[in-house]
There are 2 protein chains.
Amino acid sequence: MLACMKAQKRSFYAGEEIYSFDTPRKIVGILLNGQAAVIRYEYNGTRSILENLSPKSIFGEHLSFVPSDDSCIAVVCQTDCQVLFIDYQSMTRTCQNACACHTQLIRNLLQLLSDKTRSLSERVEVLSQRSIREKLMCYFMQLAAGKNSSTFELPFTMIDFADFLSVNRSAMIRELGKMKKEGLIQISKRTVTLL
Amino acid sequence: MLACMKAQKRSFYAGEEIYSFDTPRKIVGILLNGQAAVIRYEYNGTRSILENLSPKSIFGEHLSFVPSDDSCIAVVCQTDCQVLFIDYQSMTRTCQNACACHTQLIRNLLQLLSDKTRSLSERVEVLSQRSIREKLMCYFMQLAAGKNSSTFELPFTMIDFADFLSVNRSAMIRELGKMKKEGLIQISKRTVTLL
DNA sequence: ACAAAAAAGTTGCAAAAGCAACAGAATATA
DNA sequence: TATATTCTGTTGCTTTTGCAACTTTTTTGT
């Protein structure tokens with residue numbers, strides 16, 4: 001079946017670029033294992049983490065970002081990764097063999113896409129908060145809801161976390177300090193507790 | 001077929017609330033015609049437009065936002081609208097009749113979802129810009145790319161536009177004024193030209 | 001056509017966030 | 001284990017953004 005979809009599996013080392021959005025290709029990628037991120041590099045030096053990818057995350061030209069003239073966007077892996085690349089055309093069309101599994105694949109794909117939609121919506125929710133504190137709290141609440149616990153781990157270094165929230169790193173750390181002092185949160189290393 | 005999916009068509013008047021995210025329901029809605037928006041009302045008075053919905057846009061609990069303790073999120077129509085509501089379960093599962101059109105429906109759904117993913121990604125791109133000016137320019141470039149023209153219409157009042165970019169209205173208008181003065185854009189009423 | 005309401009645009013001032021240049025801590029590397 | 005590198009956390013200063021109060025313009029409804 002994978003042959004029928006022109007699928008191919010590839011491995012990448014931490015730090016490698018998996019996919020760049022500058023050259024339109026008719027494929028989608030599915031992260032099989034590892035952690036990756038969609039990152040935008042602005043030519044003025046600003047870096048933003050547009051999306052965090054975990055296993056089963058799906059990405060590709062069709063589903064995603066269009067870099068502007070003064071930026072480039074790429075999927076970069078944070079850890080060693082395996083990725084399945086699938087031809088977009090042969091995926092959505094009925095295959096010649098009319099194989100049953102093809103139908104199932106489309107169902108699975110629907111699930112992956114709807115998960116992606118959900119995670120992008122969460123992303124919009126965080127980024128549409130007005131202040132750094134509100135962004136932090138909104139994201140913390142998402143993590144807490146995901147773990148069903150008021151204690152959770154940040155999946156970022158502070159540098160990446162700031163780029164993820166699209167705010168200045170030192171301003172973010174300053175705000176975290178205030179929130180700690182005001183008794184809103186507890187934080188040591190990457191472990192956060194909402195109080 | 002629509003019966004088999006427990007689908008029902010409903011009409012709404014401009015300003016009416018189509019869907020609220022506080023009571024989880026197992027349905028998705030597809031906007032058939034009109035304009036609507038996903039809006040978050042924070043209890044401190046802040047209003048944000050999380051998403052703009054046009055005909056064929058799809059929305060629902062499964063695909064979307066989770067309101068926090070101090071906010072509520074709803075789909076509100078801007079103009080008169082018709083919406084098709086579909087039962088999520090019966091949509092994704094194979095139906096008893098194994099009707100051919102059911103398979104086609106899933107394909108169509110895949111298309112709608114992938115469009116939604118794309119528009120949410122664009123949204124993330126805008127909101128992850130650091131300054132008001134960058135947000136404006138990023139959004140303008142999206143509109144220009146969509147119309148294939150450097151002149152385009154804003155689909156908002158200035159009030160809604162600011163809520164869409166998640167910035168203060170007067171600060172936004174101030175910035176638009178500066179950009180006009182610096183010769184970056186031309187703007188009269190809702191017509192914008194990139195220079 | 002007129003009044004009322006909504007939206008657009010201005011401005012001064014206050015608050016928040018960005019920036020840059022550090023010092024100290026933690027990690028990685030030889 | 002020493003050394004380099006990256007990350008974390010601080011701070012003073014600057015710039016941007018938010019806020020509130022207001023005037024002007026546009027739209028709507030009768």
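In this text the structure is predicted, and so the values were computed from the model without any measurement. Note on naming: letters A, B, ... go to the chains in the order of the sequence lines (proteins, then strands), and numbering restarts at 1 for each one.
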Within the structure shown, what part of the strands sits under 4.0 Å from [X] by heavy-atom distance: base, sugar-phosphate, or nothing?
{"X": "B:Lys135", "result": "nothing"}
{"X": "A:Ser170", "result": "base"}
{"X": "A:Ile132", "result": "sugar-phosphate"}
{"X": "A:Lys189", "result": "sugar-phosphate"}
{"X": "B:Ile159", "result": "sugar-phosphate"}

Considering only NZ, NE, NH1 and NH2 on the basic side and carboxylate oxygens on the acidic side, decide whether [X] and [Y] come within less than 4.0 Å.
{"X": "A:Arg10", "Y": "A:Glu16", "answer": "no"}
{"X": "A:Glu51", "Y": "A:Lys116", "answer": "yes"}
{"X": "B:Glu175", "Y": "B:Lys135", "answer": "no"}

How many Å lie between [atom1] on [X] and [atom2] on [N], as a whole number?
{"X": "A:Asn168", "N": "C:dC19", "atom1": "CG", "atom2": "P", "value": "6 Å"}
{"X": "A:Arg169", "N": "C:dC19", "atom1": "CZ", "atom2": "C1'", "value": "11 Å"}
{"X": "B:Arg174", "N": "C:dG12", "atom1": "CZ", "atom2": "P", "value": "10 Å"}
{"X": "A:Arg130", "N": "C:dA16", "atom1": "CZ", "atom2": "P", "value": "15 Å"}
{"X": "B:Ile187", "N": "C:dG9", "atom1": "CD1", "atom2": "C1'", "value": "12 Å"}
{"X": "B:Phe156", "N": "C:dA6", "atom1": "CZ", "atom2": "C1'", "value": "18 Å"}
{"X": "A:Leu136", "N": "C:dA17", "atom1": "CG", "atom2": "C1'", "value": "13 Å"}
{"X": "A:Ile173", "N": "C:dG24", "atom1": "CD1", "atom2": "P", "value": "17 Å"}

Kindly indicate, with the supporting measurements, whether the criterion side-chain contact (heavy atoms from CB on, under 4.5 Å) is fulfilled by B:Ile132 and B:Leu165.
CA-CA 8 Å; B:Ile132 293 182; B:Leu165 298 184; 5.7 Å; no
Donor on one side chain, acceptor on other, B:Arg130 and A:Thr46, under 3.5 Å:
no
Nucleotides bounding contact with chain A, strand DNA chain D, heavy-atom threshold 4.0 Å
D:dC7 to D:dG12
Parallel, tilted or perpendicular for A:Tyr19 and A:Phe59, by the 30°/60° rule?
perpendicular
Minimum heavy-atom distance A:Ile73-A:Val38, with the two atoms named:
CG2-CG1, 3.7 Å
